[in-house]
Trainee: 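Take a look at the following structure, please.
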Amino acid sequence: MTDFPAEFPLAIAIERTALVGRGRAIFLQSGAHVSPNTVNIMATHGRGVVSAALRAATAYSLGIQPLPGARARPGAPVFLCSIEATECNETGISAFERALTLNVIGADSCTKDDIIMPGHIMPSIVPEMLAEGCSLSEVAFKYVAKRGRLGALAWCDILDEEGDTADTATALALAEALQLPVYFRSGNDLAPAGAFDSRGVDANLVPSKSGLVRGQFA
């Protein structure tokens, strides 16, 4: 890993189930560099919960507690109790204060005294080793972390107008409208959209008669 903080701009990551149009898509950006405008985009266009992915060791060192009654589901993020920056002096729900919380949790210098619970940012934990079928936010965290120090990754699910996870076409249309870079999931990594065709299929993959190779898609 490099010694400088990761400055990963706002982007969209997409995973897609083989031969099925619906998968999952998220907004992502390095937490230390999130702005109130980023939070507005995530909340308005993503419609999901604005969250912060961080290493399990970091979460526990900051005293962030497990979410009572939460059940781990395969392929889903593991959430902890909601947090807020102690610097927030209003409700904490505004775009400014949610961005502030993400900046604080994403900073190298963050300590237990810098956050309080509950709040308006949902932390999700990222294990040191990614398991097969892990969540898209975990894969995105590891991808960005390879490009610099990363305290927390800001992310948000992209939902359609009915509140379901957005399909690939919807996520791609949103990326085009907002002029954002797109990454597709490939196993437990991300790759720029240029490595795939318009359906999210690896351009170098030749399908067999029995279908696409398992593991090519999340």
Side-chain angles (χ1 to χ4, degrees), residues 1-13 26-72 76-128 134-159 180:
M1 185 186 299
T2 53
D3 293 331
F4 52 87
E7 295 187 25
F8 198 83
L10 182 63
I12 288 177
I26 62 172
F27 283 112
L28 67 148
Q29 184 175 14
S30 50
H33 301 94
V34 165
S35 68
N37 184 55
T38 297
V39 173
N40 270 328
I41 290 173
M42 288 184 173
T44 302
H45 297 283
R47 301 186 178 93
V49 177
V50 180
S51 307
L54 61 161
R55 293 179 179 85
T58 301
Y60 297 138
S61 71
L62 294 174
I64 304 176
Q65 302 297 315
L67 192 61
R71 295 182 179 180
V78 177
F79 287 104
L80 303 176
C81 287
S82 60
I83 60 171
E84 201 150 283
T86 54
E87 294 179 49
C88 295
N89 52 28
E90 296 181 355
T91 63
I93 200 171
S94 69
F96 175 83
E97 291 200 324
R98 281 193 282 180
L100 173 60
T101 298
L102 288 164
N103 295 161
V104 167
I105 197 70
D108 292 339
S109 57
C110 185
T111 69
K112 286 183 178 181
D113 294 333
D114 296 320
I115 58 173
I116 58 173
M117 292 172 282
H120 292 89
I121 294 295
M122 292 298 299
S124 62
I125 57 175
V126 179
E128 287 303 314
C134 61
S135 70
L136 180 57
S137 57
E138 293 171 5
V139 171
F141 180 97
K142 293 289 188 177
Y143 181 83
V144 177
K146 287 189 294 186
R147 285 146 181 80
R149 289 198 316 270
L150 182 65
L153 180 78
W155 68 276
C156 174
D157 275 311
I158 298 175
L159 308 177
L180 296 178

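As the structure is a computational prediction, the values presented were derived from the model and not from experiment.
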Trainee: State which residues pass side chain to side chain contact (heavy atoms under 4.5 Å, CB included) with P9; sequence neighbours excluded, sorted by chain then number.
Mentor: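 Applying side chain to side chain contact (heavy atoms under 4.5 Å, CB included) to P9 gives none.
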
Trainee: Find out whether L150 and S30 are in side-chain contact, i.e. whether some heavy atom of one side chain is under 4.5 Å from a heavy atom of the other.
Mentor: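 Yes, their side chains come closer than 4.5 Å.
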
Trainee: So, for P123 and I64, which heavy atoms are closest and what is the spacing to 0.1 Å?
Mentor: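 What the structure gives for the nearest pair is CG-CG2, 4.0 Å.
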
Trainee: Between NZ of K146 and CZ of F8, what distance do you get to the nearest 0.5 Å?
Mentor: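 Taking NZ in K146 and CZ in F8, the distance rounds to 11.0 Å.
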
Trainee: Hey, what do you get for OH (Y60) to CZ (R55), rounding to the nearest 0.5 Å?
Mentor: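 Here the interatomic distance stands at 14.5 Å.
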
Trainee: Could you check whether any side-chain heavy atom of L54 comes within less than 4.5 Å of a side-chain heavy atom of L153, counting everything from C-beta outward?
Mentor: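 A side-chain contact is absent here, since even the closest heavy-atom pair is not under 4.5 Å.
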
Trainee: Which residues satisfy the side chain to side chain contact (heavy atoms under 4.5 Å, CB included) test with D114, sequence neighbours excluded?
Mentor: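 In terms of side chain to side chain contact (heavy atoms under 4.5 Å, CB included), with neighbours along the sequence ignored, D114 is linked to V104, C110, T111.
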
Trainee: Donor-acceptor check, side chain of K142 to backbone of E128, threshold 3.5 angstrom: yes or no?
Mentor: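 Yes: the side chain of K142 pairs with the backbone of E128.
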
Trainee: With a 4.5 Å cut-off on side-chain heavy atoms, are I105 and L62 touching?
Mentor: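 The answer is yes, as the side chains (C-beta and beyond) meet within the 4.5 Å cut-off.
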
Trainee: Give me the atom names and distance for the closest heavy-atom approach of S135 to P77.
Mentor: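 Of all heavy-atom pairs spanning S135 and P77, the closest is CB-N, 3.7 Å.
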
Trainee: To the nearest 0.5 Å, how far apart are CD1 in I83 and CD1 in I115?
Mentor: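 Output value for this atom pair is 5.0 Å.
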
Trainee: Pairs in or reaching into residues 83-101: which pass side-chain hydrogen bond (donor to acceptor under 3.5 Å, both in side chains), with residues at least two apart or in two chains?
Mentor: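 Those involving residues 83-101 are E84-H120.
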
Trainee: What residues form a side-chain hydrogen bond (donor to acceptor under 3.5 Å, both in side chains) with N103, not counting sequence neighbours?
Mentor: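 Partners of N103 by the side-chain hydrogen bond (donor to acceptor under 3.5 Å, both in side chains) criterion come out as none, since no residue qualifies.
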
Trainee: List for me each residue that meets salt bridge (charged side-chain N to carboxylate O under 4.0 Å, His left out) alongside D113, sequence neighbours excluded, and say none if there are none.
Mentor: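 If we apply the salt bridge (charged side-chain N to carboxylate O under 4.0 Å, His left out) test to D113, skipping adjacent residues, there are no hits.
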
Trainee: Can you name the residues that form a side chain to side chain contact (heavy atoms under 4.5 Å, CB included) with Q65, not counting sequence neighbours?
Mentor: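 So Q65 forms a side chain to side chain contact (heavy atoms under 4.5 Å, CB included) with C81, M117.
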
Trainee: Residues two or more places apart in sequence or in another chain: which of them pass side-chain hydrogen bond (donor to acceptor under 3.5 Å, both in side chains) with S51?
Mentor: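 Not a single residue meets the side-chain hydrogen bond (donor to acceptor under 3.5 Å, both in side chains) criterion with S51.
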
Trainee: Taking the side chain as every heavy atom from C-beta outward, state whether W155 and S124 have any pair of such atoms under 4.5 Å apart.
Mentor: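 The answer is yes; the side chains approach within 4.5 Å.
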
Trainee: Let me know which of V39, V50, L180 forms a side-chain contact (heavy atoms from CB on, under 4.5 Å) with F27.
Mentor: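 Only match with F27 under side-chain contact (heavy atoms from CB on, under 4.5 Å): L180.
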
Trainee: Quick one: salt bridge (charged side-chain N to carboxylate O under 4.0 Å, His left out) pairs with a partner in residues 99-110, sequence neighbours left out?
Mentor: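 For residues 99-110, and leaving out neighbouring residues, the salt bridge (charged side-chain N to carboxylate O under 4.0 Å, His left out) pairs sorted by first residue read D108-R149.
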
Trainee: Distance from L28 atom CG to C156 atom SG, nearest 0.5 Å?
Mentor: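 With rounding to 0.5 Å, CG (L28) is 11.0 Å from SG (C156).
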
Trainee: With sequence neighbours left out, write down each residue that passes side-chain hydrogen bond (donor to acceptor under 3.5 Å, both in side chains) with T38, or none if nothing qualifies.
Mentor: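 Scan of T38 (side-chain hydrogen bond (donor to acceptor under 3.5 Å, both in side chains), adjacent residues dropped) gives Q29, S35.
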
Trainee: Is R147 reaching over with its side chain to a backbone N or O of Y143, donor-acceptor style, under 3.5 angstrom?
Mentor: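 The answer is yes, because a donor-acceptor pair under 3.5 Å joins these two groups.
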
Trainee: P127: which residues meet the side chain to side chain contact (heavy atoms under 4.5 Å, CB included) condition with it, sequence neighbours left out?
Mentor: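 Applying side chain to side chain contact (heavy atoms under 4.5 Å, CB included) to P127 gives L130, E138.
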
Trainee: Do you know which two heavy atoms are closest between L136 and A13, and how far apart they sit?
Mentor: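 Of all heavy-atom pairs spanning L136 and A13, the closest is CD2-O, 3.6 Å.
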
Trainee: Are any of the side-chain heavy atoms of C88 and L100 separated by less than 4.5 Å?
Mentor: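 Yes, side chains in contact.
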
Trainee: Minimum heavy-atom separation for A152 and A52, please, with both atom names.
Mentor: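 Nearest pair, atom of A152 first, then A52: CB-CB, 4.4 Å.
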
Trainee: For the residue pair I12 and I26, establish whether any side-chain heavy-atom pair is separated by less than 4.5 Å.
Mentor: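 No, every pair of side-chain atoms sits at 4.5 Å or beyond.
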
Trainee: In sequence, state the C-alpha distance, the side-chain angles, and the governing distance for L10 and M42, and then conclude on side chain to side chain contact (heavy atoms under 4.5 Å, CB included).
Mentor: CA-CA 10 Å; L10 182 63; M42 288 184 173; 4.1 Å; yes

Trainee: Looking at every non-hydrogen atom in both residues, tell me the closest pair between A59 and L80 and how far apart they are.
Mentor: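 Heavy atoms only, the tightest pair is CB-CD1, 3.5 Å.
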
Trainee: Go through the steps for R47 and D157 under the test side chain to side chain contact (heavy atoms under 4.5 Å, CB included), then give the verdict.
Mentor: CA-CA 7 Å; R47 301 186 178 93; D157 275 311; over 6 Å; no

Trainee: Any donor-acceptor pair under 3.5 Å linking the side chain of H33 with the backbone of A6?
Mentor: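 Yes.
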
